[in-house]
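Note sheet for the following structure.
These numbers come from a predicted model, not from an experiment.
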Amino acid sequence: MRFKLKPSLGLALSGGGARGLAHIGVLKALEEEGIKVDFIAGTSMGGFIAAAYALGYTPAQIEAEALRMGKFTSMASLLVDFSLPWKGLFEGKKFMDYFEEKFGDATFNDTRIPLALVAVDLVSGEEVVIREGRIVDAVRATVSVPGLFAPYTLGDKVLVDGGILNHLPADVVRRMGADVVVAVDVGVEEEKSPIISNKAPPFFSVLWRTVEVMGKKVRESKLKEASPDLLLSPPVNGDVSLLWGFHKAPEIIEAGYRETKEKIPLLRKLLRPRLLRGR
């Protein structure tokens, strides 16, 4: 029987579109406190940020990129590739070009900490946890929101946003070997999620609301199953949604930062050196 003195920390980042920028603030606070992440998993926007962090981008670098992309012209440049109507509003090639620019041909073997990204296979109807191959392929798959971006074909799988079945992959990071699991949920509370926003195009508002409704029960079930040791819920404004709100990056990031800072005492207790039954 083996024992470990220091608990390993696993971080699970949820999907959430622009709301997911709060994950940057979480990482920023953890690094500021000198708390090391040993495993990381993410879905959709959480998957993109998890991949960047696992490959060595610092929270400051990711934040700088978020502020740059928060400008309308920068974000719009990634969306001007309309798809055939039965595949999704956008083809996603512009996004793929962007991911390749940032991640190149890096694979999961190149990450500095173990990484897992979550998608859903439309062929089998099952959750797919991606832990090998090119990072750009996995990221493109996990951000493929149905109806918005065309699905991404990878081998014999047709992949879409993992948030359909696993919005917050706390169970994934637990299986990766984490002793202490911190889950960050940036999903908006149901009563605060208007069906039609007066600030965003109706199509996006309806789509965002649909994803939220579909994922609510699944999210609750998954969270109960995974039992994260600490759940962070950054208080992001209810009008920030799937594509609307990137221009509010500073305040969204700050929400994640403040929420994490407030919970640091609890996290330090969880990470207190102690004897643990090894895996």
- Can you name the nearest heavy-atom pair linking Leu165 to Gly125, along with the distance? CD1-O, 3.6 Å
- Examine the side chains of Gln61 and Tyr53 and answer whether a donor and an acceptor come within less than 3.5 Å of each other. no
- Message: Would Asp105 and Val136 count as a side chain to side chain contact (heavy atoms under 4.5 Å, CB included) here? Give the steps.
- Response: CA-CA 7 Å; Asp105 285 324; Val136 292; 5.7 Å; no
- Message: Is there a side-chain contact between Glu132 and Thr107 in this structure, where contact means two heavy atoms from C-beta onward sitting under 4.5 Å apart?
- Response: no
- Query: How about Val143 and Phe99: do any of their side-chain heavy atoms sit closer than 4.5 Å?
  - Reply: yes
- Within the distance-only criterion (no hydrogens, no angle test), does the side chain of Glu259 pair as donor or acceptor with the backbone N or O of Ser233 below 3.5 angstrom? yes
- Query: Backbone N or O of Ser14 within a donor-acceptor pair of the Thr43 side chain at under 3.5 Å?
  - Reply: no
- Task: Report yes or no: does Arg131 contribute a side-chain atom to a donor-acceptor pair with the main-chain N or O of Ala116 at less than 3.5 Å?
- Result: no
- Message: When you compare the side chains of Ser8 and Asp179, does any donor N or O come within less than 3.5 Å of an acceptor on the partner?
- Response: yes
- Query: Would a hydrophobic clustering, with Ile, Leu, Val, Met, Phe, Trp and Tyr connected at side-chain separations under 4.5 Å, put Tyr98 with Met45?
  - Reply: yes
- Query: Taking C-beta and beyond as the side chain, do Met176 and Val172 meet within less than 4.5 Å on heavy atoms?
  - Reply: yes
- Message: Ignoring hydrogens, what is the shortest heavy-atom contact between Gly10 and Val173? Give both atom names and the distance.
- Response: CA-CG2, 3.6 Å
- N/O donor-acceptor pair under 3.5 Å between Arg134 side chain and Ala106 backbone: no
- Item | Rounded distance (nearest 0.5 Å) linking atom NE2 of His23 with atom CD1 of Ile62 | 11.5 Å
- Minimal heavy-atom distance between Thr142 and Gly42, with the atoms involved, is OG1-O, 4.2 Å
- Query: Charged N to carboxylate O under 4.0 angstrom, Glu33 versus Arg268?
  - Reply: yes
- Are any of the side-chain heavy atoms of Val120 and Val128 separated by less than 4.5 Å? no
- Query: Can you list the steps and then say if Glu32 with Lys261 is a salt bridge (Lys or Arg N to Asp or Glu O under 4.0 Å)?
  - Reply: CA-CA 9 Å; Glu32 191 172 281; Lys261 280 289 194 176; 2.6 Å; yes
- Message: Between Arg174 (side chain only) and Ser227 (backbone N and O only), is there a donor and an acceptor less than 3.5 Å apart?
- Response: yes
- Task: Please report the C-alpha distance between Phe39 and Ile113 in whole Å, then the side-chain angles of each, then the deciding distance to 0.1 Å, and finally whether the side chain to side chain contact (heavy atoms under 4.5 Å, CB included) criterion is met.
- Result: CA-CA 6 Å; Phe39 303 93; Ile113 56 177; over 6 Å; no
- Message: Please determine whether side chain to side chain contact (heavy atoms under 4.5 Å, CB included) holds for the pair Tyr152 and Met96, giving the CA-CA distance in whole Å, both sets of side-chain angles, and the decisive distance to 0.1 Å.
- Response: CA-CA 10 Å; Tyr152 188 65; Met96 191 62 172; 3.2 Å; yes
- Task: Looking only at non-hydrogen atoms, find the nearest pair between Pro228 and Ala170 and report the distance.
- Result: CB-CB, 4.3 Å
- Results of ring pair (Phe, Tyr, Trp, His ring centres under 6.0 Å) for Tyr57 - residues two or more places apart only: none
- Item | Side-chain heavy atoms of Leu267 within contact of Leu9, under 4.5 Å | yes
- CG of Asp38 to NZ of Lys36, rounded to nearest 0.5 Å, is 4.0 Å
- Item | Note, Phe108 side chain near Ile135 side chain (heavy atom, < 4.5 Å) | yes
- Task: Work out which heavy atom in Ala51 is nearest to a heavy atom in Val139; give both atom names and the distance.
- Result: CB-CG2, 3.8 Å
- Message: Within the structure provided, determine whether Val186 and Leu21 are in side-chain contact (heavy-atom separation under 4.5 Å).
- Response: no
- Query: Yes or no on side chain to side chain contact (heavy atoms under 4.5 Å, CB included) for Ile264 and Ile35, after CA distance, side-chain angles and deciding distance?
  - Reply: CA-CA 9 Å; Ile264 288 296; Ile35 296 175; 3.8 Å; yes
- Query: Is Tyr257 reachable from Leu13 through a run of I, L, V, M, F, W or Y residues, each pair having side-chain heavy atoms under 4.5 Å apart?
  - Reply: no
- Task: Please name the pair of heavy atoms, one in Ala22 and one in Val236, separated by the smallest distance, quoted to 0.1 Å.
- Result: CB-CG2, 4.1 Å
- Is there a donor-acceptor pair under 3.5 Å between the side chain of Asp121 and the backbone N or O of Glu126? no
- Task: Determine whether Thr260 and Leu30 make a side-chain contact, defined as any pair of heavy atoms from C-beta on separated by less than 4.5 Å.
- Result: yes
- Measure the spacing between CG of Leu232 and CG of Leu168 and express it to the nearest 0.5 Å. 10.0 Å
- Test side chain to side chain donor-acceptor pair (under 3.5 Å) applied to Asp161 and Ser44, step by step: CA-CA 6 Å; Asp161 190 335; Ser44 201; 3.1 Å; yes
- Item | Expected output: side-chain Asp229 to main-chain Val181 donor-acceptor under 3.5 Å | yes
